[in-house]
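Contents: one structure, followed by commentary.
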Amino acid sequence: MRKIVLLIPVFVIFLVACVSHKYADTNRSYKKQVKNYAKLLREYPIKDSAGLQYPGSWVGTTNFSMRRPNYVVIHHTAQNSCDSTLRTFTLPRTAVSAHYVICKDGTVHHMLNDLLRAHHAGLGKWGSVSDMNSSSIGIEIDNNGSEPFTEQQIASLLQVLERLKKAYNIPQANFIGHMDWAPGRKVDPSRYFSWQPLAEKGFGYWYDTTAVEVPADFNALQALRIIGYNITRPEIAIQSYKIHFVPQDTTRIINDADKKILVDLMRKYQ
Ligand SMILES: [Zn+2]
């Protein structure tokens, strides 16, 4: 028994060595791209990336910092292993990525500096945000979409969320799922993902309908809009809301229980 315990760190080191060797080429590519961005930041006078040039009148301010992420978007990978996802995110032709990938055993692969823009959210809308990749951290959880998430994954996720929330001062309302961002186009993380334990720790909100009275003129669709959903196509906005807040209900119909939930959520998210 003692021998096995002693061997575990050796085994872990071996595994880590394998991972870094396997991705030596793509790690080099990462470093090269970061170097190019660093070069862009070092250009004086500033050549604006939007194409504007005021070289003669450039005056550098002394007061600034890096832009920070203000949202976290949670995904499931819809793939069968962490290995497949690491591969997908290191093949240029896929053009997709995330900042973090969380494997079934709880291992966290940090794939991109939080201050850089990952390609994880795609087209969508949440409140008035229309470019989620520019303002968010993407976290992918290894899960094929039709299985429960592991305890180790949730434990690791909570650790990552805790750190991100603190580091970037991310508001409680701004922890959402991919399906919240892109109703109809995305359903991840699936109905197997429990948002309540996250909300209890300050990542997103959950509801309590015990003392809730639904006003006579209550408009459920407007409540969804206030929470953040794009209600252009009401039935798919409702579907995303259900996946997040009422996962056992697979209909796209707002019932009396939903109205109570929405009254409560609307107050918290507005
Ligand atoms: Zn996703």
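Remember, it's 1-based here, ligands and their atoms both numbered in the order they're listed. The shown structure was predicted, so the numbers you read here are calculated from the model rather than taken from an experiment.
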- Counting only protein N/O/S, how many atoms fall short of 2.8 Å from the Zn ion (ligand 1)? 3

- Hey, any chance L115 and V73 share a hydrophobic cluster, counting ILVMFWY side chains that come within less than 4.5 Å of each other, even indirectly? yes

- If you draw a 6.0 Å radius around CD in E200, do more than 12 non-hydrogen atoms from other residues or ligands fall strictly inside? yes

- Message: Just checking R191: does its CZ atom have more than 12 heavy atoms from other residues, nucleotides or ligands closer to it than 6.0 angstrom?
- Response: yes

- Does the side chain of I74 reach to within under 4.5 Å of the side chain of F203, using non-hydrogen atoms? no

- Message: Measuring from atom CD1 of I102 to atom CG of L157, what distance do you get when rounded to the nearest 0.5 angstrom?
- Response: 4.5 Å

- Query: Are V212 and Y269 in one and the same hydrophobic cluster, where Ile, Leu, Val, Met, Phe, Trp and Tyr link if side-chain heavy atoms are under 4.5 Å apart?
  - Reply: yes

